[in-house]
Amino acid sequence: MSFSSQIQAVAYCRTPYKQKFGIPRQPGLVNAARGFVELQAPYNDIDTVRGLEQYSHLWLVFCFHENLAQGWKTTVRPPRLGGNEKLGVFATRSTFRPNGLGQSVVKLHKIHRRKGYLALEISGMDLLDGTPIIDIKPYIPFSDSIPDALGGIAHEAPKLTKVEFSQDAKQQLACYEGLEQYQQLEELIIGVLAQDPRPAYKRAKADPKVYQVALYDLDILWRVVKVAHAKNNDSVSEDTIIVQEIKTGISV
Ligand code: SAM
């Protein structure tokens, strides 16, 4: 059998996520992330989305364009398993896959239309800014949602880590939050960092490193501290993420 196809982007996604590190590992985990699916000619005709406003959610089929050069792997080490165990590529949502295609359900907020411009305002995406969108389809709850489905290694949403802001970061946040381009900035930062984007092996021990994630054109600098507290007569330590600094100027 043979098959050939020339796949083109129908749109590009604009998101606050300017680097791969820190992007949630699935959609719907950080709903404060707002973005736009900007349709490209000839798909930017309003008729291509006629009727789409009746749906609350969309499937985006997209290309992991930043990873294409690295090809695919037969097996991968899912971050959920601490990077220690291998699973087959088709048993995971790894970005290193044949054809480099991903799929995500996102919330549709609004369809924006101006002369020559057609864009879908969305939230909850797990996509890098500039991701090529290969196809857009409505999410159909009766068929696409299977509440009793088995979720394998990803049965539940990841546990969230507590996020706090230093005094400096609180002041910086207050300056940026008033600006229109930084929508729901505090919720976005908390949502992203609460996922603890570090590699899983970093969680076991004290980790003095200062990390950086890029959201919009801001660098967010943060570190993790272990905070001890009493639980059932034992002392347990839990991670808290401290946002140290928020500054303009992406360093990626
Ligand atoms: N929900 C999709 C799926 O299951 O096909 C994507 C899951 S994948 C594990 C999500 C990760 O892909 C993000 O955390 C980010 O690091 C990475 N990613 C997002 N957009 C990308 C792009 N355009 N190129 C390469 N990697 C990307």
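The chain is numbered in sequence order, starting from 1. Each ligand, and each atom within it, is numbered from 1 in the order the structure gives.
Side-chain atoms of Thr95 and Asn67 include a donor-acceptor pair closer than 3.5 Å. Residues Arg223 and Gln244 have side chains that bring a donor and an acceptor to within less than 3.5 angstrom of each other.
At least one heavy atom of Cys63 sits less than 4.0 Å from an atom of ligand 1.
The ligand atoms of ligand 1 that sit less than 4.0 angstrom from a heavy atom of Thr95 are 8 (S), 12 (O), 17 (C). Ligand 1 places these atoms under 4.0 Å from at least one heavy atom of Ser104: 1 (N), 2 (C). Near Thr131, meaning under 4.0 Å from any of its heavy atoms, are these atoms of ligand 1: 20 (N), 22 (C), 23 (N). Shown in contact with Gln26 at under 4.0 Å from a heavy atom are these atoms of ligand 1, numbered in order with element: 1 (N), 2 (C), 4 (O), 7 (C). Close contacts between ligand 1 and Pro24 involve ligand atoms 13 (C), 14 (O) [criterion: under 4.0 Å to a heavy atom]. Those atoms of ligand 1 that come under 4.0 Å of a heavy atom in His65, given as number and element, are 22 (C), 23 (N), 24 (N). Applying the 4.0 Å criterion to heavy atoms of Gly102 picks out, from ligand 1, the atoms 5 (O).
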Would you check, one step at a time, whether the test side chain to side chain donor-acceptor pair (under 3.5 Å) holds for Trp59 with Asp144?
CA-CA 10 Å; Trp59 281 108; Asp144 293 348; 2.7 Å; yes
Give the intermediate values and the outcome of salt bridge (charged side-chain N to carboxylate O under 4.0 Å, His left out) for residues Asp239 and Lys226.
CA-CA 5 Å; Asp239 288 344; Lys226 293 216 173 275; 2.7 Å; yes
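Under the 4.0 Å criterion applied to side-chain N and carboxylate O atoms, Lys18 and Asp129 are assigned as salt-bridge partners. Arg198 and Asp196 are joined by a salt bridge, as a carboxylate oxygen and a charged side-chain nitrogen come within less than 4.0 angstrom of each other. Lys162 and Glu238 are not joined by a salt bridge, as no carboxylate oxygen comes within less than 4.0 angstrom of a charged side-chain nitrogen.
Contacts between Pro27 and ligand 1, counted as non-hydrogen atom pairs separated by less than 4.0 Å, involve the side chain only. Of all the heavy atoms of Ser94, none lies under 4.0 Å from any atom of ligand 1, so neither backbone nor side chain is involved.
The closest non-hydrogen atom to atom 2 (C) of ligand 1, taken over Glu66, Gln103, Arg93, comes from Gln103. Checking Ile133, Leu101, Asp126 against atom 19 (C) of ligand 1, the nearest heavy atom belongs to Asp126.
Ring geometry, Tyr211 versus Trp222: the interplanar angle falls under 30°, so the pair is classed parallel (tilted spans 30 to 60°).
Atom 10 (C) of ligand 1 has Arg25 O, 3.7 Å as its closest protein atom, hydrogens excluded (heavy atom only). Of the protein's non-hydrogen atoms, Lys20 O, 3.5 Å is the one closest to atom 16 (O) of ligand 1. For atom 27 (C) of ligand 1, the closest heavy atom belonging to the protein is Phe64 CD2, 3.7 Å. Of the protein's non-hydrogen atoms, Leu128 N, 3.1 Å is the one closest to atom 20 (N) of ligand 1.
Taken together through direct or relayed side-chain contacts under 4.5 Å among Ile, Leu, Val, Met, Phe, Trp and Tyr, Ile189 and Tyr176 form part of one hydrophobic cluster.
Closest approach of Gly22 to Val213, counting heavy atoms only: CA-CG1, 4.0 Å.
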